[in-house]
Amino acid sequence: MLFQEILSRLDRFWANRGCVVAPPQDTEVGAGTFYPTTFLRALGPEPWRVAGIAPSRRPADGRYGDNPYRFQYFYQYQVLLKPSPDDVQTLYLDSLYALGIDPKAHDIRFVEDNWESPTLGAWGLGWEVWMDGMEITQFTYFQQVAGFDCRPVSVELTYGLERLAMYLQGKRHAFDVEFAPGVTLGDLRRDMEVQHSRYNFEESDPELQRLLFDKFEVEAYRLLGKGLVYPGYEFVLRSSHAFNLLDARGVLSQTERQGYVQRVRRMAETTARTYLQPADDAEAGPTTARGKGA
Amino acid sequence: MAELLFEIGTEELPSWYVARGEVGLNDLLSSRLAAAELAPESVRVYATPRRLAAWVRGLPESTPRRVEERRGPPANVAFTSEGGLTKAASAFAAKNGVAASDLVRLDDDRGSYVYANVPVGGELAAELLPELLAGVVRDLPAPRKMRWGDEPTPFIRPIAWLVALLDGRVLDVEVAGVRAGGRSRGHRFLAPGEFEVGGGAEYEGELARRFVVADRAKRRAATWQAVRSAAGDAGVTADEAPALLDEVTDLVESPFAILGRFGDEFLELPEEVLATVMIKHQRFFPTRAAGGAFAPAFVGVANTHVADEGVVRSGYEQVLAGRLYDARFFWRSDRRKSLSQHAWGLSGIAFQKELGSMADKAARVGVAARLLMDALGIEGAEAEAAKQALPVFRSDLATEMVFEFPELEGVMARAYALAEGLPAATAEALYGGVRPKTHEDGVPTTPAGAVLSVADKVDKLVGFFALGKRPSGSADPFALRRDGLAVVRVLAERGWPLPVATVVEAAAAAYADGPVSVTTEVQDAVVEFLWDRAASLLTDRGASVPVVRAAVLGSVTVVGAARRALLLEALLQREEMPDLLALYKRAANLSRSEALPEPVGSSAQPVAPGQGVKPELFQEEAEPRLLAALPAALAGAQALLGAAKAQLPGWDIRDAAPVRLSGLEGAMQAVVSLKAPLDDFLDSVHVLSDDLDVRRNRLTLLGEVVRILRQLGSLEQLAVG
């Protein structure tokens, strides 16, 4: 099954189960969890279902394209169901079926894996899903986001698309996966992976990234102070990426690193507070930050 | 008598929780039933990744009936002057549901009151159980619970279904948004449908037919049997790996073992690397060939039986091969450099911004380790091993293998050291020097490794404390408590006569040239921090808090404190001890006007008892009697310490002492025999005599008593009153 076919089947499957199939976010994120459609929508009481491909960047995970599984730029498939439905495990297994994977023909296991994002002030409990010994999906019941208790609880499913595709196509390296007829993932991403790995580890300018972090942070607070949740949050994401680049460059000591994590976390918490504020304020009426855009 | 079947069906529980849940359900259900006066004849529990269940037999149908006597108002309030009942008495009768005429008057030493004899009990189990069972679900202990959906009640993982059957009838239990019924579910993939549960006697069999081995012990045995026979069929032997077997047992409802293979070429990897990749990353059992060396095969345990086992096998093999391929790549590329070359890379790895790089740290650890060896008089081969290890200590942090598999730090240093021809003792020191990494991990097995381990960890503690980054409350972001625990475990296991303060001084001395200044206040704080860790380990092993405080405050070495804790526990079994402790406390209070003797460490030489006491100043008979009793008491205390040291030269105080102290009777008798003369002395002698010479002499004598008894610990921590 071609990579693009996997994508469209997952889109179709989740669309049929009431999900908005949302296009990807266009700022850098470390994972689909950072998408406003996940991070913000997991807050507050309103039901919400969203799915879609979530390209993500983790600069420190670059391996110049050598490692078959690990990349600084990769595709997740991100699903958020709020509130978490009772039959979510069955739903998930059905989605595998939609990809031509018969759960009865494989050793499928839900192995405890708890998730925590110190930068988002978020944590959840759940599993990694193993298929024949390979981790293919992260399954998380969000308990807290940005320090706020999630009520109701959302469940997040994150499929590792490269791994799934490798498995379905029997490839040993993600770059050998056929994306479209005659075009591999390597054709699409290898040069980028090699060059970005060089950039992340050798060429990025730490002083510039420190400066950018500081400026993005100021801008984030300025915008959030005016109630501009979405533009403000984008600057939180940019700060977070600048931190990730510094981290990959190996220039942060343990305490400095902690300091940056705390700063991103405070920004994330301010974002969440700003986003939730109108809900606590009955007089604000229906024109809340929420409900407009996603 | 009735029987109850209660099953909590869940989404997959964490594997480490299954065994705990089994115990937790048994304990909580039993105690709640007992508290409700419904104690059953037996409770049998079942636990799998998807269910916790209990089969309760011999359950009373109702709580026992009895009559409870309740006291009402005093007679003078209950009766009018004419002898009739007052309103207060009638109200009391009504409140307790008895007729006013049934109230009785009783006169006893509490006075004269009216009483109601109220029949209680007889509540039906069927009526009490729904709320009781809901409470069990709500209160089942777990370190971390979660919420799901809109449901506010947390549990370990979402509850999918409940079964609650009392003699085959469904109980109306509702908790966490789930209503109990009589239907359970079989294996997730092999028998996914619901089925009617017959009853407790049928439960296990009904599940077995649906591919669920509900009894945890049976499932563990079946898992090991499956693993062994899959290995045996291929002519290899599976490694026992009990921790892995526990984990795998609780990852499946039914075990299906599958043997897979990997390429011979990966056998060039050290066994620990192969084992780490197989066990930690894939939960596979390594196997060995006839000679005992690793075979290129493994056993994985699937949760399900598939039509074509080849699909699962090839998945297992492909994932494992990917990881082994990486590992072999690192193994080869790392060995292109020597460990000394890798050690250069430590200057590029930050230890902590203000404390320099890992290379800076390694230099400090070298200084501290040499000081410790001098203090301990370690020389010869062990000193040589440590000195050879120091220049390359922790150099494996700079290797690719440890970058990818951080848990192999130390393991790789040893493997690379052996591969480049360094002596085995040096390699072992490099391995031991980073241990214990966790509470479960063992301590270094050689003195050289222990020296490196202590020097390395105390360097971190001293540095972080100097930076003001001490743990507070539950916040310990740099895992300093873990390091502190490791240090006291190593010190105790070695049985070194090395005062805790000396260890900290050695680490502090290594900071003499910076980068931070280590004040005596910082050193004292680290010493106290280490003692707190020792105390927490000793109390974890069951010693009482006062005993541990007495042992710790009366010792300078960790192993001394550990031995004293055991001695004091033994002494406290003696009936004379409470009196002796009270007398000791009086003696200590009185003699406090003189300088209190310093605690005497196990390494101190015995000092003649009664030194400084002038018999010519004695006026009362009790004085010479007490003086005469001192040598035997001192000998007893010394004998106790000596016996403890001989029987327990050293042990890992994470664990219970490996032997029970024995043969202490005579020495204990000698110590407690001090009670009579001391009692007599304190009773009949006016210590604070107006004659200052006499007073000083009596205080000196009491000071000697205190000094002798304090060899066993700071006994004032134990005395009551």
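In this text, all values refer to a predicted model and were calculated from it rather than measured experimentally. In what follows, every heavy atom counts, from backbone to side chain, and hydrogens, waters and symmetry copies are set aside. Reminder, nothing fancy here: chain letters follow the sequence lines and each chain counts from 1.
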Among [options], which residue forms the greatest number of heavy-atom pairs with chain A at distances under 4.5 Å?
{"options": "B:F329, B:Y325, B:Y316", "answer": "B:Y316"}
{"options": "B:Q282, B:R157, B:R144, B:E317", "answer": "B:R157"}
{"options": "B:L320, B:D308, B:V306", "answer": "B:V306"}
{"options": "B:L190, B:V311, B:V312", "answer": "B:V312"}
{"options": "B:N303, B:L355, B:T304", "answer": "B:N303"}

Chain B contacts, top residue of [options] (heavy-atom pairs, under 4.5 Å):
{"options": "A:S154, A:P85, A:P68, A:C150", "answer": "A:C150"}
{"options": "A:I108, A:D86, A:D66, A:V155", "answer": "A:I108"}
{"options": "A:R109, A:R163, A:M134, A:H106", "answer": "A:R109"}
{"options": "A:V88, A:V251, A:D102, A:L93", "answer": "A:L93"}
{"options": "A:K82, A:K104, A:R70", "answer": "A:K104"}

State, with a plain yes or no, whether a side-chain heavy atom of [X] is found less than 4.5 Å away from one of [Y].
{"X": "A:F110", "Y": "B:E11", "answer": "no"}
{"X": "B:R147", "Y": "A:D149", "answer": "yes"}
{"X": "B:R283", "Y": "A:W130", "answer": "yes"}
{"X": "B:Q352", "Y": "A:E256", "answer": "no"}
{"X": "B:F256", "Y": "A:D107", "answer": "no"}

#### Entry: Atom pair CD/NZ of A:Q258 and B:K469 - distance to nearest 0.5 Å
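If I round to the nearest 0.5 Å, the distance is 8.0 Å.
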### Query
Tell me, side chain or backbone of A:F142 under 4.5 Å from chain B's heavy atoms, or both, or neither?
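Neither part.
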### Task
Name the region of A:N114, side chain, backbone, both or neither, that has any atom closer than 4.5 Å to a heavy atom of chain B.
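When you check distances to chain B, only side chain atoms of A:N114 fall under 4.5 Å.
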Counting only non-hydrogen atoms closer than 4.5 Å, does [X] touch chain A with its backbone (N, CA, C, O), its side chain (CB onward), both, or neither?
{"X": "B:P14", "value": "both"}
{"X": "B:E247", "value": "neither"}
{"X": "B:V301", "value": "backbone"}
{"X": "B:P154", "value": "neither"}

#### Entry: Polar contact flag, side-chain donor to acceptor under 3.5 angstrom, B:R188-A:Q89
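Indeed, the side chains of B:R188 and A:Q89 share at least one donor-acceptor pair under 3.5 Å.
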### Task
Answer yes or no: is there a donor N or O on one side and an acceptor on the other, between the side chain of B:W148 and the main chain of A:Y141, under 3.5 Å?
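Not confirmed, B:W148 side chain does not pair with A:Y141 backbone.
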Nearest heavy-atom pair of [X] and [Y]: which atoms, and what distance?
{"X": "B:D150", "Y": "A:P152", "answer": "OD1-CB, 3.1 Å"}
{"X": "B:G149", "Y": "A:S84", "answer": "N-OG, 2.7 Å"}
{"X": "B:F403", "Y": "A:R63", "answer": "CE2-NH2, 3.6 Å"}
{"X": "A:P103", "Y": "B:F189", "answer": "CB-CE2, 3.8 Å"}

### Task
With sequence neighbours excluded, tell me which residues meet side chain to side chain donor-acceptor pair (under 3.5 Å) with A:T33.
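Testing A:T33 for side chain to side chain donor-acceptor pair (under 3.5 Å), a comparison that skips the adjacent residues, returns A:E156.
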### Task
Could you check B:E151 against A:R151 for salt bridge (Lys or Arg N to Asp or Glu O under 4.0 Å), going step by step and ending with a plain yes or no?
CA-CA 9 Å; B:E151 175 53 45; A:R151 292 180 193 277; over 6 Å; no
#### Entry: Verdict with reasoning, A:E112 to B:W16, per side-chain hydrogen bond (donor to acceptor under 3.5 Å, both in side chains)
CA-CA 9 Å; A:E112 182 206 20; B:W16 56 265; 2.8 Å; yes
### Query
After noting the C-alpha distance and the side-chain angles of B:D326 and A:N67, does the key distance pass the side-chain hydrogen bond (donor to acceptor under 3.5 Å, both in side chains) rule?
CA-CA 8 Å; B:D326 276 358; A:N67 188 298; 3.2 Å; yes
